[in-house]
Amino acid sequence: MSALPPRFHDWFATRGWTVHPHQQDMLDRADEPSLLLIAPTGGGKTLAGFLPSLVDLADGERTGLHTLYVSPLKALATDIRRNLTRPVEDMRLPIRIEDRTGDTSYTQKRRQRADPPHILLTTPESLALLLSYEDAPKIFAGLRRVVVDEIHALAESKRGDQLMLALSRLQALVPDLKRVGLSATVEDPAAIASFLARHPDPCPILYADPGPDPDIAMLETETPAPWAGGGGRYAMPEVLEQVRRHRTTLIFHNTRAQAELFFHDLWLQNEDALPIGIHHGSLSREQRTKTEAAMVNGDLRAIVCTGSLDLGIDWGNVDLVIQIGAPKNVKRLVQRIGRANHRYNAPSKALLVPANRFEIVECVAALEAVKARDLDGDPRGPGPRDVLCQHILIRAASGSFTDIDLFREVKTAGAYASLTRADFDRCLDFVATGGYALRSYDQWQRLVERDGLWQLRDPRGALRIRQNIGTIMDSDLLKVRLRGRRGTGGTPLGEVEEGFAATLTPGDTFLMGGEVVRYEGLREMTVEVSRRPEKPPRIATFMGTKFATSTQLSHRILRMFAQDDWPELPPSTRDWLHLQRERSRLPEADRLLVESFPFFGRAYTCVYGFAGRNAMQTLGLLVTARMEAAGLHPLGFVSTDYATLIWGLDRVTDPAPLFDSDDLRAAFETWLGGNAVMKRTFKQSAVIAGLIDRQLQGQRKSGKQAAFSSDILYDTLRRYDPEHLLLDITREEALKGLVDFGRIEEMLARTASRIDHVTTDRPTPLAAPLFLEAGRVPVEGAGTERLLAEEAARLMEGAGLQITREDERRWRVPF
Amino acid sequence: MPIERNMNFCDFQLSGETLRILSTGALWWPAEATLVVSDLHLCKSERVARRSGQMLPPYETRDTLARLDSDVLATKPARVICLGDSFDDDAAREGLGDAETLWISRMQAGREWVWIAGNHDPAPVDLGGTAKSELLAGPLTFRHIATPEQGEISGHYHPKARLALGGKMVSRPCCLHDGRHAILPAYGTYTGGLDWTSPALASLLAPGACAILTGRQPCAVPVPQRARA
């Protein structure tokens, strides 16, 4: 056991602390090549990660970079610097700590490259940028340790893959580098460990005491939950009452739009004028920093927030977490609950507020999962190749390399351990030439091989590569500013999606940061607004925040449906499920329930796939395409996490052929290829892989133009080079994310063509709420053509114009 | 004629002639075996590349030519009229690749081919066919930009119709006609459009004008009357 140096021991003692067992463990095993610590929030995790570095650096004999700390949030890096500076100053340790993120000044960054601090705190993107410089070997010479914080969050996205490729490069520069990962509780720690370690090194896992079980329940409300919708505004009085009774409450929402709406209404009902703030990813940095500072000072009684507060920053005073809307994912729920009572060994307190009737069922299922400590999560697939393409570009920007060395290096990243040489060569070829269909275009001819060494064809290309580093996609957002006096740019408020901004006309109002603002105009790609709330606000849309209910939670709900009765549910929900069983039947895990019924002149079909919102949306697209081919004239559909409701002109009499697995897969390959969601998926990978340039602030024209060129490239490749690497990557991406075809496969496998078709004369109880759902998707096809022809005939007749016999006959021409 | 069986279309009358709008937005004049297309805007990507630096492959040119090729195959015209703005601008003409030039020559074989000059481009003189500023044929006149003349077929405006179908908005390129003259939709890939109710178009059309919406099943709709401002 490595004894803690006296200086450290005393410091702990003067603060009345003792070293936690897991902190001592980390110190004892500091020489392991890789080490993963799993600890709940508030477990002194960060200090545990840094303790070996601080002890090592205490003698003041080291110069140069010793420890690199990487976290997913810029704010976290800043926060950690503040927290580390405290013990370092108290103990008078000769250690220099600096952070380096996108916000660090240019001069500071230059100095850091020439004279790096002992401990550098950074993000995956800033690290990738550092590695792209020719002097990277010099900057990182002598590096001993790397600490990856919140690795469970990084592992869920491509940022993690980029980071691990960067570590493979670092390890090649400094072979003796030790890796440490810090993670919240996850369902599969071994997967995180192999993600972190240099392949095939082992990676021991240390567990901190998980602490007591959380105190978690559903919030009881006077008004029952509504039939459909999100928001949870019916529970406002009870939520306010809870805020009053606690010191500081975090009120989590699943989407930014819902957070804005809730915050607005909360203030309207906040008669005691309790200080309540709002925090989400679309607000400007200034706004968020203000809220965070107020929180740290203890000035706020509550914060309405989204996933932007899921990670990191330590606000000790939170004593209640309220989750509005079903949590969709048990693991995230547990991590959110951990935000309350950020103190070790104190139970966290949390309340769930289901937003509608169906979510009551989901919340009860989630509560049971939390009690059983049954976390969810999908296994990580192999490392994405678009990120690898970017890594090759970054490697080339820093200097020449041989393909065999880079291939070996890349395979030491766990996610790329199974990468074949053929796949690697395809990526290298794409980066070098753009691929077959694009080989005659100069701008994609980037690498050449000379004497076995790969290098940039034009060294000036390095600048463009550096400008395009990163895997986060936010290019379709426009900044929102208050219009200043004399037309000058005023206070920044945040961002909205370009698509939403395009629908605004001057005078429209919308919610931003909790206030109603009036749209004045667009000026150099900035949305200008004023504080003139004249009209009821519209709802701004924000992308990328709609979570799908996890597979495991969906299965739990299906298991609940199999029960004879549901004493654990409120009476209204319980009666609702009984009524469904009486009128139709309840969905089962190993069968697919399809209902058909007429309503207001349209034929409806409801499919209970339980595959999550994104997959159900894709299923809607595929099935309506098949209905179109079968001449059933579908007109549109709407999807939720559990079902898709389709309407059209003709009744579905036999749904079985619509759900044939092979046909659905074929339809996915062909029809979906032209779909906007696929195009968006393509665009993201194309930007990451370096095919399309990121739209940089200042030089950008409009996201619409970027979408235009990426759409042309997509159509082009599909038609002339269907085997192109980028299309391959797009198909792979489509199995998850917005398309999520993987979940449709899961549904097909579990139901195996066992279809129950129930025909009724009116909407069934379980289908009824779907009629109130927003987000209807129109279907363009023969149904539209028929409606168009009917409308044209009506208009022509109304205008006193003739429809000839000829026209009517022609309508029967099949196409 | 093969066209009757294989294609969907919508007929209208102008100066005593029966004219036919095809799904693609081309106009077919059966009596004269003449196929008319407007605003091909070939090599648009080339111009976008020159102006914005954003490189796009020129495949939209091939897409436009492929549609034209299939209309030519289906109608077997004695004469093809390209009604102006065939190229996105004069310099774009230079961007036409050898393969595309050959393709155009192949389509021109065995028939009369007329390039009408547009406002973006003068009619090309080095591509085969005849270059003209306008063409008179029987009771009809073909030119790029509409005038008040009787029996005129023009392009230029890229008219587009928008129609609400029970809460659902449909937007289609369309041909506008009012018994006096007709304005054709743009035929080229990736061309934008001008709303059919815009003042520029309203001032050209007599009351009672009709639109023929392109698409799988072209159909006629009266042009909505816009309240004069």
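Below, read A as the first sequence line, B as the second, and so on, with proteins coming before strands; counting in each chain starts at 1.
The shortest side-chain heavy-atom distance between A/Glu791 and B/Val221 does not fall under the 4.5 Å cut-off. Within the 4.5 Å cutoff, the side chain of B/Leu163 has heavy atoms near those of the A/Leu795 side chain.
Counted within 6.0 Å of CD on A/Glu790, heavy atoms from surrounding residues, nucleotides or ligands total more than 12; the atom is thus considered enclosed. When the shell of 6.0 Å around CZ of B/Arg162 is examined, it contains 12 or fewer heavy atoms from other residues, nucleotides or ligands. The number of heavy atoms from other shown groups lying within 6.0 Å of CZ (A/Arg457) is above 12.
When every heavy atom of A/Ala792 is checked against every heavy atom of B/Ala220, the shortest pair comes out as CB-O, 3.3 Å.
Distance CG/A/Leu788 to CZ/B/Arg216: 11.5 Å, rounded to 0.5 Å. Here the CZ-CD distance, from A/Arg786 to B/Gln217, works out to 13.5 Å after rounding to the nearest 0.5 Å.
The salt bridge (charged side-chain N to carboxylate O under 4.0 Å, His left out) search around B/Glu17 returns none, not counting sequence neighbours.
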